[in-house]
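Read the structure below first, then the notes.
In each ligand, atom 1 is the first atom listed, and ligand 1 is the first ligand listed.
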Amino acid sequence: MDAFNPIVAAHKHSSNHREELLKSDYCGCFYCLEIYSPQEIKDWVDDDKCALCAKCGIDSVIGSASNYPITKEFLKEMKRYWFDRTIPLSEVKKHFGDL
Ligand SMILES: [Zn+2]
């Protein structure tokens with residue numbers, strides 16, 4: 001197994017995260033890469049514990065209270081890893097290895 005990787009670890013924060021999201025000042029979606037207020041989220045699944053993105057409807061939202069960087073760059077790397085599968089983890093680590 002590989003060492004700690006934020007791109008992989010942050011994914012856990014995209015489900016079962018209602019409380020964390022509602023504590024967050026802002027949240028980001030790593031599918032459509034929008035960053036916005038969690039107040040905008042209207043749809044929840046999995047017993048209302050998992051947010052669907054207010055912009056694209058995909059369950060790939062992470063709140064700032066997760067302590068991961070909710071930036072376009074970070075979300076983009078997550079998208080590339082989780083949706084596009086275009087980069088190996090070693091590439092991700094070059095960008096975010098010090099997190
Ligand atoms: Zn989205």
| request: Could you point out which residue of Arg18, Glu19, Glu20 forms a side-chain contact (heavy atoms from CB on, under 4.5 Å) with Leu22? | output: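 It is Arg18; the other options fail the test.
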
| Lys/Arg N to Asp/Glu carboxylate O, Glu77 vs Arg80, below 4.0 Å | yes

| task | Anything under 30° is parallel, anything over 60° is perpendicular, the rest tilted; go ahead and classify Tyr68 against Phe74. | result |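 Judged by the thresholds at 30° and 60°, the geometry between Tyr68 and Phe74 is parallel.
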
| So what's near the Zn ion (ligand 1), protein N, O or S atoms under 2.8 Å? |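 Within the sphere that stays under 2.8 Å of the Zn ion (ligand 1), the protein atoms of type N, O or S are Cys29 SG, Cys32 SG, Cys53 SG, Cys56 SG.
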
| said: Under a 3.5 Å distance rule, please check whether Asp47 uses its side chain to pair with a backbone N or O of Lys49 as donor and acceptor. | reply: no

| message | Taking side-chain contact (heavy atoms from CB on, under 4.5 Å) as the definition, give me every residue that meets it alongside Ser14, ordered by chain and number, with sequence neighbours left out. | response | His11, Phe30, Ile62

| request: Determine, using ring centers only, whether Tyr36 and Tyr26 are less than 6.0 Å apart. | output: no

